[in-house]
Amino acid sequence: MIDCIFCKIVKKIIPAKILFESENSIAFPDISPTAPTHILFIPKKHIESLDKLSIDDEKIIGKLMIEISEFARSQSLEKNGYRIVNNMGKDAGQTVFHIHFHLLAGREFNWPPG
Ligand code: AMP
Ligand code: ZN
């Protein structure tokens, strides 16, 4: 996906502070943080959104969730808790069309979300 900003981060064409990397995925800080900890976790495979997942992506997304959980624990974020957010499509406010999960922590979050 030549015009995908997150694919360019995966390929290190666009710089980002890589906080975690595996053969499956990478994580880097959100450029516009909305919490003291705001990290984006993305699979290396270009998948447009949650809506575009297929059963072939089962392992990729399953592994990504475990990677987020392990990373959060490595930062002791499970002590106070954290929120994982995926925005899918217009009404949810998705702006980058390479599936990603926001890891948010370091403050209390409202429910229901805005
Ligand atoms: P979403 O609105 O769920 O699609 O989230 C996209 C997120 O990507 C936003 O929170 C942006 O601040 C973030 N973002 C966009 N470009 C970059 C970048 N080059 N590096 C880090 N985060 C980015
Ligand atoms: Zn992409």
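Remember, predicted model here, so these are calculated numbers, not experimental data. Counting convention: from 1, in listed order, for ligands and their atoms alike.
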Mind checking whether A16 has a heavy atom under 4.0 Å from ligand 1?
no

Nearest to atom 19 (N) of ligand 1, what protein heavy atom do you find, and at what distance?
I5 CD1, 3.8 Å

Under 3.5 Å, N or O to N or O, is V96 touching ligand 1 that way?
yes

Vertex the Zn ion (ligand 2), rays to ND1 in H46 and SG in C7 - rounded to 10°
110°

Report yes if some N/O of H38 lies less than 3.5 Å from some N/O of ligand 1; otherwise report no.
no

Check H98 and report its N/O/S atom nearest to the Zn ion (ligand 2), by atom name.
ND1

Looking only at protein heavy atoms, identify the closest one to atom 20 (N) of ligand 1 and say how far it is in Å.
I31 CB, 3.8 Å

Under 4.0 Å, heavy atoms only, figure out whether ligand 1 is touched by the backbone of I14, its side chain, both or neither.
neither

Heavy-atom pairs closer than 4.0 Å: do any link ligand 1 to the side chain of F97, the backbone, both, or neither?
neither

Would G93 count as being in polar contact with ligand 1, using the rule that some N or O on each side must be under 3.5 angstrom apart?
yes

Looking only at distance, does T95 have an N or O less than 3.5 Å from an N or O of ligand 1?
yes

With heavy atoms only and a cut-off of under 4.0 Å, state how A92 meets ligand 1: side chain, backbone, both or neither.
neither

Proximity of F6 and F28 rings by center, below 6.0 Å:
yes

